[in-house]
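One structure is given below, encoded as structure tokens.
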Number of protein chains: 4
Amino acid sequence: MRHIRAKRLFLCSLPLFLLAATLALAQGESRARDLGIPFDGTPGALNAITDVGGVEVGFTTLISGSGKLVVGQGPVRTGVTAILPRGKKSINDPVFAGWYSLNGNGEMTGTTWVEESGFLEGPVMITNTHSVGVVRDAVIKWRFEHGAADLSGYWWSLPVVAETWDGELNDINGFHVKPDDAFHALNTASSGPVSEGNVGGGTGMICNGFKGGTGTASRKLSAKEGGYTLGVLVQCNYGVQSQLRIAGIPVGRELPSGIPHAEDTGSIIVVVATDAPLLPNQLKRLARRVPLGLGRLGSYSGDGSGDIFIAFSTANSATWGPGGVKHVAMLPNDDMNSLFLATAQAVEEAVVNAMIAARDLKGINDFEVLAIPHAKLQQVLRKYSRLVGADNT
Amino acid sequence: MRHIRAKRLFLCSLPLFLLAATLALAQGESRARDLGIPFDGTPGALNAITDVGGVEVGFTTLISGSGKLVVGQGPVRTGVTAILPRGKKSINDPVFAGWYSLNGNGEMTGTTWVEESGFLEGPVMITNTHSVGVVRDAVIKWRFEHGAADLSGYWWSLPVVAETWDGELNDINGFHVKPDDAFHALNTASSGPVSEGNVGGGTGMICNGFKGGTGTASRKLSAKEGGYTLGVLVQCNYGVQSQLRIAGIPVGRELPSGIPHAEDTGSIIVVVATDAPLLPNQLKRLARRVPLGLGRLGSYSGDGSGDIFIAFSTANSATWGPGGVKHVAMLPNDDMNSLFLATAQAVEEAVVNAMIAARDLKGINDFEVLAIPHAKLQQVLRKYSRLVGADNT
Amino acid sequence: MRHIRAKRLFLCSLPLFLLAATLALAQGESRARDLGIPFDGTPGALNAITDVGGVEVGFTTLISGSGKLVVGQGPVRTGVTAILPRGKKSINDPVFAGWYSLNGNGEMTGTTWVEESGFLEGPVMITNTHSVGVVRDAVIKWRFEHGAADLSGYWWSLPVVAETWDGELNDINGFHVKPDDAFHALNTASSGPVSEGNVGGGTGMICNGFKGGTGTASRKLSAKEGGYTLGVLVQCNYGVQSQLRIAGIPVGRELPSGIPHAEDTGSIIVVVATDAPLLPNQLKRLARRVPLGLGRLGSYSGDGSGDIFIAFSTANSATWGPGGVKHVAMLPNDDMNSLFLATAQAVEEAVVNAMIAARDLKGINDFEVLAIPHAKLQQVLRKYSRLVGADNT
Amino acid sequence: MRHIRAKRLFLCSLPLFLLAATLALAQGESRARDLGIPFDGTPGALNAITDVGGVEVGFTTLISGSGKLVVGQGPVRTGVTAILPRGKKSINDPVFAGWYSLNGNGEMTGTTWVEESGFLEGPVMITNTHSVGVVRDAVIKWRFEHGAADLSGYWWSLPVVAETWDGELNDINGFHVKPDDAFHALNTASSGPVSEGNVGGGTGMICNGFKGGTGTASRKLSAKEGGYTLGVLVQCNYGVQSQLRIAGIPVGRELPSGIPHAEDTGSIIVVVATDAPLLPNQLKRLARRVPLGLGRLGSYSGDGSGDIFIAFSTANSATWGPGGVKHVAMLPNDDMNSLFLATAQAVEEAVVNAMIAARDLKGINDFEVLAIPHAKLQQVLRKYSRLVGADNT
């Protein structure tokens with residue numbers, strides 16, 4: 001269910017799409033748990049960020065052209081992802097938020113205001129590195145046209161837009177993302193299942209030597225723990241194959257060679273959503289736990305990596321803006337442990353989901369990135385008794 | 001009204017005290033406004049941090065010995081200051097807090113937990129640089145003996161203790177501050193007027209070329225602005241005379257030469273208290289405004305300076321600890337401007353109050369630091385039409 | 001010497017320009033010192049950021065249309081400012097840098113990488129709030145076209161672009177800044193005198209109740225202090241008239257009423273340049289001193305203000321990139337005091353320079369912002385014996 | 001080879017020591033690799049922080065008394081650890097350093113100055129939570145007595161002292177650590193093999209449900225990677241058994257029940273040393289990688305945990321202090337990847353080393369914490385084909 005902008009679809013070369021379709025049939029529409037990969041914790045109904053009530057996600061996926069790179073003409077393998085904390089109401093009802101940069105070789109605009117105010121005042125957008133600007137200004141325009149009657153446009157001028165780099169597959173210096181692509185992702189955002197793999201901003205990503213992209217997962221806490229839901233969405237483009245651990249097993253070394261990146265020059269953007277009533281400083285605590293999830297996967301967060309994370313809470317509606325003292329709910333710090341663990345767990349699973357959902361993709365100069373081979377991965381995990389199913393548990 | 005620990009009082013050499021008394025008569029018990037120095041904004045009833053309801057302040061002032069330095073024997077010119085956000089209840093009802101370091105050549109223990117949790121879980125103590133440790137452990141002991149029945153002592157083990165250096169007047173390497181001195185400051189803390197000048201941790205301080213020490217001031221917002229109170233207490237030991245501005249006038253250059261420090265090697269600790277309902281991230285915003293007050297005074301925050309600030313709010317009682325979701329009040333960010341301005345104003349006035357209240361003090365090897373000369377200061381300000389009273393307004 | 005993009009010049013309505021010319025004659029081309037306003041410290045030859053060798057500054061000033069606001073059509077009162085640390089070589093020879101946000105209600109892209117790497121890898125751009133995106137992506141394109149043969153474009157993808165808001169005078173939601181405007185500012189950047197007032201990104205700014213904009217100043221340290229130069233460029237759009245202090249005097253209250261902003265909703269971007277050999281963490285120390293300069297001017301850094309500062313050093317050339325261990329020079333921390341003081345002094349003067357150089361400007365719906373009245377300002381300062389010249393010193 | 005302060009040794013009850021000796025025989029003096037636990041990367045000669053040339057480590061271990069808790073009398077199960085970056089020369093030749101707090105429910109004094117200056121000006125000390133103060137002031141005294149002739153004591157007054165909490169085994173509110181204990185750790189510090197387990201500040205620690213304490217590990221980079229050494233020392237007191245992963249396997253769930261902590265209320269202090277020439281901001285990058293190592297072990301960094309890390313470099317000697325511009329070496333950011341990976345690897349191994357070296361310990365009220373059972377652990381890893389040796393590789 002890729003959200004591909006209709007008006008640009010005809011640009012796609014037919015053979016490429018046929019190839020993609022074939023591969024999809026070969027590996028099936030699967031998620032990590034479907035393959036028997038074990039994860040801890042209890043996911044929400046969709047095992048997606050949209051398990052957090054109100055969160056909507058939209059994508060614009062741009063795939064067109066093939067063969068030789070001609071800057072400005074393609075090939076194009078990129079897109080835009082939009083995460084709206086409260087759906088369309090996100091414009092007028094900001095959420096508490098916090099952020100953290102594990103390795104700042106990347107961009108997330110709008111963070112000085114998140115840090116200062118404690119609020120995220122709109123969507124989180126993710127695209128490629130060289131299209132952050134166009135998406136940022138487009139969000140302002142979109143808000144100006146759809147927002148409440150604040151003609152000055154003053155109060156929403158600092159959009160949060162993050163990126164990872166897709167220049168190995170995509171004509172990134174061709175600047176193919178346009179304002180309409182941002183509008184499309186925003187306007188088509190919805191609750192429900194979330195597409196994974198080669199979609200949205202994640203279209204042209206490479207992760208741990210194989211095809212990366214968009215992934216998601218969630219955790220539902222027990223009633224005793226408060227019954228809160230925490231969801232994660234990642235755009236993953238980081239890592240080297242040799243360090244990849246799945247289910248704790250260093251599978252990277254036993255899988256066939258993927259992209260032989262000698263070093264981790266990629267990036268990962270992580271968005272953490274929860275309905276637990278957390279204050280801004282507490283949400284930063286969640287963002288700081290993302291590396292604990294990445295650590296499980298063997299990441300060392302390379303120098304070239306933009307590993308930037310943002311966490312928000314959909315609780316505490318209508319707490320933004322003037323009009324006198326607001327009353328907000330706060331989960332005690334002492335009760336946050338389950339959320340910390342859920343963050344680490346959901347990050348771990350969302351990355352693997354992104355890799356499992358991703359499909360082989362050929363980009364500029366016919367450079368091709370293969371998806372992680374499912375059957376072979378299962379075989380390695382089975383060898384270490386770490387596959388859930390017939391012979392393992 | 002100095003709080004001097006009785007059992008050590010007899011150590012003081014008589015001549016020194018007579019001298020101090022004489023000087024006190026000469027300059028009188030005065031505050032900056034009494035001299036006609038103009039300040040903006042409306043102070044609270046006491047123009048002190050204790051205008052914020054519940055805040056209590058206590059001092060232990062140690063002055064003994066004179067003449068040649070014999071490490072371990074004196075002379076002693078030091079002390080301890082205790083600020084209790086909710087008086088004796090501070091132990092069991094932590095306050096929201098935030099902190100900021102303008103120049104970190106100093107110490108404020110306990111700040112990683114303030115930053116992480118958003119809470120200040122006890123008093124703020126201020127002493128000399130080499131006595132931070134003894135005061136820190138003493139606070140733990142005091143809490144253990146006076147606190148609720150948490151025998152483990154677990155939840156209050158990270159006291160906030162700050163310092164400035166008094167080694168020019170005081171035998172700082174003699175480690176004269178003892179646990180009892182911390183207990184005394186805590187046990188005698190009270191609301192009401194706050195002593196200024198050569199008291200508590202501020203006893204041996206030098207500021208902008210003259211005698212420094214403890215100072216305080218407050219601002220009371222109008223009903224339209226919310227009616228909140230904001231108070232400040234400083235322990236000031238920073239600055240060089242040549243840069244000193246009072247009421248915006250570079251008075252330092254026109255006053256007789258004080259201590260000829262070529263560079264700013266001092267420090268200033270600032271504690272900001274308010275009853276406005278601010279979240280932890282908002283309190284950090286107050287702490288970040290302290291430099292705007294110091295800027296008015298001409299400070300450049302020298303390399304050797306430990307300029308560390310903490311802000312707390314006495315609103316939102318009983319929000320700490322486990323037991324389910326808490327409900328807290330939050331002033332909208334948009335309504336914080338008056339508090340920002342009040343912070344800058346109160347910092348400016350508190351420093352001048354410290355200098356005006358301070359008295360000449362002779363310390364090790366008969367090194368003497370003179371108080372800023374009141375009459376001469378008035379004369380300079382009058383020259384620039386910046387003295388409130390008979391001939392200026 | 002305004003750098004106005006030629007191809008858009010014809011859009012300007014004639015009467016407006018005539019008015020501007022008339023005003024320029026009335027107040028003359030002046031800087032703060034020309035009026036007798038006293039400042040401390042010794043400026044460089046130009047009293048500008050370009051006193052730091054290698055630094056180049058360029059502007060694109062967009063002024064066109066008048067009368068009623070028609071979103072997308074104007075009136076236009078905006079622009080772009082480019083600061084290149086090493087001129088055109090900035091692309092391939094990054095400088096050490098550090099940054100600080102006093103109040104983050106603003107944007108400065110690229111800061112996570114500045115913080116992480118310690119390097120500023122290109123120019124600093126300043127524009128209006130809603131044009132940060134277009135300028136950011138344009139910088140990437142410009143670098144891609146003019147940079148070294150790194151076709152991947154990888155290593156320079158995170159431009160630093162800051163902003164202040166000009167929506168009171170300018171059709172900010174019309175998105176009038178285009179990529180060519182960024183290119184123009186970059187391509188015409190030069191050393192030498194720097195235009196001030198209504199130029200570049202500062203075109204439509206309001207500051208302390210009067211017309212604001214671009215300002216600059218510098219300090220030259222004595223040989224004994226190392227002989228280093230430190231320069232500052234500000235785009236100032238902050239403050240309320242009632243709090244304005246010039247030369248320490250609260251002049252705002254005695255001047256005729258300007259724009260009656262009840263609260264500080266503006267912003268100020270400050271760029272600090274020096275040739276002193278400072279490491280990244282030391283440059284952050286400079287950025288943290290900017291508030292000390294703003295404090296002298298009475299700022300309280302309002303909630304709506306984006307007060308974000310970046311500092312870089314042109315020393316330590318060729319220290320970026322792979323190729324083995326680099327050897328860099330470092331000024332000892334103990335020797336930084338003169339640079340701290342210079343920062344506070346230059347910030348103070350650059351803001352006043354911006355206000356003095358600015359001219360009356362009429363924008364959308366004929367809303368007009370007047371320049372601070374020079375003669376009246378002199379009169380107030382003279383009253384307080386704070387005017388340098390005939391009757392004061 | 002425990003460093004136990006002689007004069008207090010006689011306080012130890014005999015039976016306790018006999019028990020410890022018996023256990024030592026049972027499990028042997030072993031490290032994680034000796035048991036066949038697999039780790040990535042190449043350790044240095046000692047697989048210890050002392051593989052970094054110049055680094056010295058000393059311990060004071062305090063074990064005395066048994067049975068019922070009588071505050072002030074015991075039982076005592078605590079100590080002090082000293083890490084000297086350049087051995088005894090650490091006093092006069094500070095090292096570049098950076099720090100990071102993953103979860104700030106702990107203390108590390110002196111960090112504002114590390115952050116500000118970029119230097120660590122002496123040793124790193126680790127003790128129990130309630131003894132940070134006494135150790136801090138003792139370091140000042142020790143320096144004053146052993147340092148160069150700076151009688152003012154000014155320049156070294158901000159010691160770095162960290163802690164974890166041992167109140168389950170140790171009479172922590174009895175304040176049994178004395179200044180002499182800090183002196184002993186400093187004076188007996190040496191290069192060479194480093195004791196692990198129940199030694200120094202790590203004496204009374206609990207980690208992941210079993211006995212924790214002090215652990216160390218190192219990595220030696222290849223010549224192609226620069227040939228640098230990176231070493232880690234941990235004092236580990238964090239975690240819950242259910243989450244423990246060793247070699248990627250969730251072994252915690254399959255081992256016999258240890259201490260049934262429901263939540264992670266512990267702490268971990270990590271010291272990272274390297275001889276790679278890194279600037280302060282680069283050392284902070286290393287500190288930020290520590291969570292990636294903890295993630296491998298399943299940590300979620302609980303609310304009650306003080307997870308604070310400091311990294312220093314022994315390169316760039318004689319760069320501290322006044323006296324004109326210093327010349328320092330800097331590894332390019334692009335060349336740091338091997339160090340990032342080494343940090344994650346060494347942290348992972350050092351924690352396991354601490355647990356493997358630790359021995360059963362009985363403390364207050366005869367509460368006993370058992371060491372992780374070696375044979376059972378091997379059995380679990382063998383089941384998952386993750387044991388190096390006879391049947392696994």
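Hydrogens, waters and symmetry mates play no part in the numbers below; they use all other heavy atoms, side chains included. Every chain is numbered from 1, with letters handed out A, B, ... down the list of sequences.
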A:Gln243 side chain to A:Asn208 side chain, donor-acceptor N/O pair below 3.5 angstrom: no
Among A:Thr343, A:Asp335, A:Ile249, A:Asp334, residue most engaged with chain D (heavy-atom pairs, under 4.5 Å): A:Asp334
D:Asp40 portion near chain A, given a 4.5 angstrom heavy-atom threshold: side chain
Segment of D:Ser242 engaging chain A (4.5 angstrom heavy-atom cut-off): neither
Parallel, tilted or perpendicular: rings of D:Tyr100 and D:Phe309 (30°, 60°): tilted
Carboxylate-amine/guanidinium contact D:Glu348 A:Arg245, below 4.0 Å: yes
Portion of D:Arg296 that has a non-hydrogen atom of chain A nearer than 4.5 angstrom: both
Contact winner vs chain D - A:Ser338, A:Ala247, A:Ser301, A:Gly302, heavy-atom pairs under 4.5 Å: A:Ser301
Donor-acceptor side-chain pairing of D:Glu225 and D:Ser222 below 3.5 angstrom: yes
N-O pairing of A:Glu349 and A:Arg219 below 4.0 Å: yes
